Amino acid sequence: MSFDRLFAGQEATWPPAARWRHGPWCIRDGQGGGKRVSATTAEADVADVDVPAAEVAMAALGQPCLFMLREGESGLDATLAVRGYEVVDPVLLLSAPIGGVAAPPPPPVSAFTVWQPLAIMEELWAENGIGPARRAVMERVTGPKTAVLGRQSDRAAGVAFAAVHEDMCFVHAMAVSPEHRRKGTARNMMHAAAIWGQAEGAETLVVLVTEANTGAHALYSSLGMTPAARYHYRMIPPEKG
């Protein structure tokens, strides 16, 4: 699967509040929803002289100057490095055929899908650092979407968001309460998300995870998910800005 398709899918299932073309750049208004919805990307060949225009546009939004570097953008990556931008949060997109994750189904009453999210789901997201700005990202999704609730020991233990674009189901905002981690909660939620996505016509399941998140990598690898693409961000550290 091409990176362009994957990137379009991740943006459709985790969209910025607004985006527009500004010269060779795509500028995103994230409204506090995180790096993915706030990062600027190059939509054409760019040179060093083009960077200030992007910086001005991001500053006008009150956002840090943040660029996403995708595969094949080594020239822009080098340009930003020379200008003092440092690499932040390398990300992998992992994928697998959705049928392989949908089966076997999770144990009874261990995971549910529902939209709109229940109050307990909102609480779990908030407790795990996923606040109103990121919840607003979910509300902006216009395609099929669902929240996933994981249960452990008869208690709400985890929550995630899933959405479908074309034949891809993306899982975002996975959060499991610390006391319920490493007990199968996230695995059960992934099975439930895959079953839901398959019912919506998806053929591929996709997650995005930072390279540093070794625990998540172990889970997704055990589900048969393998690297499909990668990207990273560059920004100037606050102490240097």
Side-chain angles (χ1 to χ4, degrees), residues 1-95 133-134 136-138 140-143 163 165-168 170 172-173 204 206-213 216-217 225-241:
M1 185 179 299
S2 72
F3 181 84
D4 287 344
R5 283 198 69 221
L6 285 166
F7 186 74
Q10 77 88 17
E11 183 130 321
T13 59
W14 198 255
R19 51 174 285 170
W20 62 92
R21 185 75 175 260
H22 184 71
W25 305 105
C26 178
I27 306 295
R28 293 174 178 81
D29 180 0
Q31 296 189 3
K35 292 186 180 69
R36 264 186 282 162
V37 293
S38 305
T40 288
T41 51
E43 301 300 296
D45 291 337
V46 298
D48 184 68
V49 294
D50 297 312
V51 174
E55 294 172 331
V56 169
M58 286 183 276
L61 292 171
Q63 296 181 171
C65 291
L66 176 71
F67 294 86
M68 178 189 290
L69 283 305
R70 301 163 295 184
E71 294 175 348
E73 296 181 326
S74 57
L76 175 58
D77 198 29
T79 293
L80 292 171
V82 170
R83 295 178 70 92
Y85 284 81
E86 296 186 1
V87 172
V88 180
D89 291 343
V91 173
L92 283 172
L93 287 82
L94 307 176
S95 70
R134 283 176 169 81
V137 176
M138 304 174 199
R140 291 195 290 265
V141 174
T142 58
H165 177 71
E166 295 181 349
D167 61 352
M168 300 170 286
F170 285 74
H172 302 283
T204 302
V206 185
V207 296
L208 293 86
V209 59
T210 61
E211 290 185 0
N213 192 343
H217 282 287
M225 306 190 79
T226 58
R230 68 184 67 228
Y231 64 82
H232 61 271
Y233 303 98
R234 278 195 181 269
M235 63 185 303
I236 293 177
E239 66 273 13
K240 296 181 181 179

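For the numbers below, each heavy atom of this structure counts, side chains included, while hydrogens, waters and symmetry mates do not. Because the structure is a prediction, the values reported are computed rather than measured.
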Could you walk me through whether V206 and T13 pass the side chain to side chain contact (heavy atoms under 4.5 Å, CB included) check? CA-CA 11 Å; V206 185; T13 59; over 6 Å; no

Assess whether side chain to side chain contact (heavy atoms under 4.5 Å, CB included) is satisfied between V137 and R36, documenting all intermediate values. CA-CA 10 Å; V137 176; R36 264 186 282 162; over 6 Å; no

With side chain to side chain contact (heavy atoms under 4.5 Å, CB included) as the test, would you mind laying out the steps for V88 and K35 before giving the verdict? CA-CA 10 Å; V88 180; K35 292 186 180 69; 3.6 Å; yes

Any chance you could lay out the side chain to side chain contact (heavy atoms under 4.5 Å, CB included) test for Y231 and L6, step after step, and finish with the verdict? CA-CA 11 Å; Y231 64 82; L6 285 166; over 6 Å; no

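Side-chain contact between W25 and V51 is present, with heavy atoms from C-beta onward closer than 4.5 Å. Side-chain contact between D77 and F67 is absent, with no heavy-atom pair separated by less than 4.5 Å. Residues F170 and L208 meet the side-chain proximity criterion, which asks for heavy atoms closer than 4.5 Å. Side-chain contact between P15 and V37: absent, with no pair of heavy atoms (C-beta onward) separated by less than 4.5 Å.
Contact check on R140 versus E11 returns no salt bridge, with no Lys/Arg side-chain nitrogen under 4.0 Å from an Asp/Glu carboxylate oxygen. Residues R234 and E73 are not paired through a salt bridge, judged by the lack of any N-O separation under 4.0 Å between the basic side chain and the carboxylate. Salt bridge present: D167 and R5 bring a charged side-chain N and a carboxylate O closer than 4.0 Å.
Contact between P90 and V87 at its shortest, heavy atoms only, is CG-CG1, 4.1 Å. The heavy-atom pair separating Q63 from G30 by the smallest distance is OE1-N, 2.7 Å. Closest non-hydrogen pair, G84 versus I236, comes out as O-CG1, 3.8 Å. For Y85 against M235, the heavy-atom pair with the smallest separation is CD2-CA, 3.3 Å. Nearest heavy atom pair, residue H165 against residue A12, reads ND1-CB, 3.5 Å. Heavy-atom minimum distance, G34 versus R134: CA-NH2, 3.5 Å.
A donor-acceptor contact shorter than 3.5 Å links the side chain of R28 to the backbone of A39. W14 places no side-chain N or O within 3.5 Å of a backbone atom of A173 that could act as its donor or acceptor partner. Proximity of a side-chain donor or acceptor of E43 to a complementary backbone N or O of R21 within less than 3.5 Å is not detected.
Between T226 atom OG1 and L93 atom CG the span is 11.5 Å, to the nearest 0.5 Å. Between the CD atom in E211 and the CG atom in D89 there is a gap of 10.0 Å [rounded to 0.5 Å]. Note: D29 CG to W20 CH2 = 5.5 Å, rounded to the nearest 0.5 Å. Between the OG1 atom of T79 and the CZ atom of R83 there is a distance of 8.5 Å, given to the nearest 0.5 Å. Between T40 atom OG1 and L69 atom CG the span is 11.0 Å, to the nearest 0.5 Å.
Judged by a 6.0 Å distance limit and a 45° cone about the ring axis, R70 is not positioned over the six-membered ring of F3.
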